[in-house]
Amino acid sequence: MKIGFVLTAHFPDDERVWYQQAKALIERGYDVSIVSSKIEQNNYSNVFCFNDLGLSKTNVIQRIKNILLDIQPEIIICDNPIAVIAAKKYTTSKKAKTTLIYDVTEWYPSKINLLNLNFLKKVIKFFTLTFLSFYAGCIVDKFIFGEYYKSRFFRFLFPCKKFIFLSYFANIEFLKQYPIRDISKKCELFYAGNLTKANGYDNILKVAEKCAEKMPNTMFVLKVIDTQDFDISKFENSKKLEFQFINKLPFLDFCKEIGQSDLFLDLREIDFIKNHSLPIKIFYYLAAGRPVIYSDVKAIRKFFSKNEINNFGYLVNPKNIENIVKLIENYVNNPDYYNKCCNFSYEIAKNKYQWKHIEQIFIDFIEDK
């Protein structure tokens, strides 16, 4: 059986697709292809790409349709309403039964779709894109939902359509494990993301500098992996804090790198989208076996139990710098507690929140007619 992924919001080597879903299907003998409009070239076999920058949605849909006509998949998994519409155009031309699946992992529309628009244009575009989401829901056969809140729109409107929840669990085999260190002497704080105020980089910097100031006997290092273009001008110099800056890493290198740090921080500003989005990174942080200090995001509380949160880290007000520093100080001054949280994080990732525990659910769903 031929199975195709159509990605208009993700790169072809997206970890959820390339390292989990496509990998699982290929290992079971399926002929798998990936179409992505996010990049012009790639170095993978059975991957067909073009860059949609500057192209109209009509043009993007037509190009994807033409690629699918060459590939002839019998099942298509899409990541976005535009991808769904393109896949539907293909099935109409092919005039043969093809199963369409919408893997909902992103808000559509999201804030990025509405940037730099005046109020009237923003309202018009919001309702236009919302209608596209509704139309995509009408024409697909099944849904895969990455998380609860992003599923509600579709489950309410299409209650009779088949669906599964397939969360963002890490594939632990890719995560390199490192010994737990004594962080009273040196503590490495880790942040991965865009270096923007909205993503919480300002809060991260304030926390790291305050830790260095308040705990002078501990060497604090702030390790930052910038997920976009590296811009040194965004960093501030600090006499009390050591910095390590790393450009965006390939996925497998990222997995090998993160476990060398001691505490994971993500202090994003909380708006509606972020509050109702379960971050994929939290599962990788847990699998690396280190405590997590995250903004108090509603979606995290919805997914994890209170006991789990209390044992793998803290959910915090990202603007309450003093409180966050106190939490880190507690880890630094209590090695037994720190070690306990490290071990708990890894154990729940290994025993409960890793890809192999849900891989068969995905396979069964794809094979279910």
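Counting begins at 1 with the first residue of the sequence.
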Heavy-atom closest pair, residues [X] and [Y]:
X: Leu100; Y: Val84; answer: CD1-O, 4.4 Å
X: Tyr346; Y: Ala287; answer: CD1-O, 3.4 Å
X: Glu269; Y: Asn203; answer: OE2-ND2, 3.1 Å
X: Ile76; Y: Cys78; answer: CG2-SG, 3.8 Å
X: Arg290; Y: Cys342; answer: CD-SG, 3.9 Å
X: Ser110; Y: Asn113; answer: N-OD1, 2.7 Å

[Y] side chain reached by [X] side chain, heavy atoms, under 4.5 Å:
X: Cys138; Y: Phe158; answer: yes
X: Asn334; Y: Tyr338; answer: no
X: Lys350; Y: Gln354; answer: yes
X: Ser277; Y: Tyr149; answer: no
X: Ile324; Y: Leu267; answer: yes
X: Leu115; Y: Ile112; answer: yes
X: Glu15; Y: Tyr284; answer: yes
X: Val6; Y: Ile77; answer: no

Starting at [atom1] of [X], measure out to [atom2] of [Y] and round the result to the nearest 0.5 Å.
X: Ser261; Y: Tyr285; atom1: OG; atom2: OH; result: 9.0 Å
X: Ile204; Y: Leu195; atom1: CD1; atom2: CG; result: 10.5 Å
X: Asp31; Y: Leu25; atom1: CG; atom2: CG; result: 11.0 Å
X: Leu222; Y: Leu189; atom1: CG; atom2: CG; result: 6.0 Å
X: Leu315; Y: Phe304; atom1: CG; atom2: CZ; result: 9.0 Å
X: Thr58; Y: Ile85; atom1: OG1; atom2: CD1; result: 9.5 Å

Do NZ/NE/NH1/NH2 and the carboxylate oxygens of [X] and [Y] come within less than 4.0 Å?
X: Glu308; Y: Lys352; result: yes
X: Lys176; Y: Glu257; result: no
X: Lys223; Y: Glu188; result: yes
X: Glu359; Y: Lys23; result: no
X: Arg268; Y: Asp266; result: yes

Taking the six-membered ring of Phe11, is the NZ or CZ of Lys248 close enough (under 6.0 Å from the centre) and on axis enough (within 45°)? yes

Aromatic Phe220 / basic Lys186 pairing, under 6.0 angstrom, 45° off normal: no

Donor-acceptor pair, distance only, cut-off 3.5 Å: does the side chain of [X] make one with the backbone of [Y]?
X: Glu27; Y: Ala24; value: no
X: Lys274; Y: Asn199; value: no
X: Ser93; Y: Lys89; value: yes
X: Glu147; Y: Leu278; value: yes
X: Asp271; Y: Ile273; value: yes
X: Tyr90; Y: Pro73; value: yes
X: Thr218; Y: Lys185; value: no
X: Lys161; Y: Gly137; value: yes
X: Asn311; Y: Asn307; value: yes
X: Asp52; Y: Val60; value: no

Between Lys162 and the options Asp364, Asp368, Asp141, the salt bridge (charged side-chain N to carboxylate O under 4.0 Å, His left out) test singles out Asp368

So if you build clusters from Ile, Leu, Val, Met, Phe, Trp, Tyr with side-chain heavy-atom gaps below 4.5 Å, do [X] and [Y] land together?
X: Phe143; Y: Leu132; value: yes
X: Ile164; Y: Ile75; value: yes
X: Leu129; Y: Phe156; value: yes

Is it true that atom [atom1] of [X] has more than 12 heavy atoms of other residues, nucleotides or ligands lying nearer than 6.0 Å?
X: Met215; atom1: CE; value: yes
X: Lys356; atom1: NZ; value: no
X: Leu53; atom1: CG; value: no
X: Phe165; atom1: CZ; value: yes
X: Lys256; atom1: NZ; value: no

The single option from Tyr148, Phe283, Tyr168 that satisfies ring-ring contact (aromatic ring centres under 6.0 Å, His included) with Phe303 is Phe283

Among Tyr19, Trp355, Tyr353, find the one that has a ring-ring contact (aromatic ring centres under 6.0 Å, His included) with Phe169. Tyr353

Might you work through the salt bridge (charged side-chain N to carboxylate O under 4.0 Å, His left out) test for Arg16 and Asp103, ending with a clear yes or no? CA-CA 10 Å; Arg16 180 174 170 88; Asp103 186 3; 3.1 Å; yes

When you check the side-chain N and O atoms of Asn66 and Gln62, is any donor under 3.5 Å from an acceptor? yes

Can Glu367 and Tyr30 be counted as having a side-chain donor-acceptor contact under 3.5 angstrom? yes

Check for me whether the distance between the ring centres of [X] and [Y] falls short of 6.0 Å.
X: Phe131; Y: Phe126; answer: no
X: Tyr102; Y: Phe154; answer: yes
X: Phe272; Y: His276; answer: yes
X: Trp18; Y: Tyr44; answer: yes

Hey, can you tell me if Phe145 and Phe163 have their rings parallel, tilted or perpendicular (30° and 60° cut-offs)? tilted

Once the angle between the rings of Phe190 and Phe264 is folded into 0 to 90°, is it parallel (under 30°), tilted (30 to 60°) or perpendicular (over 60°)? perpendicular

Given side chain to side chain contact (heavy atoms under 4.5 Å, CB included), test Arg63 with Leu68 step by step and report yes or no. CA-CA 9 Å; Arg63 290 192 67 171; Leu68 291 174; over 6 Å; no

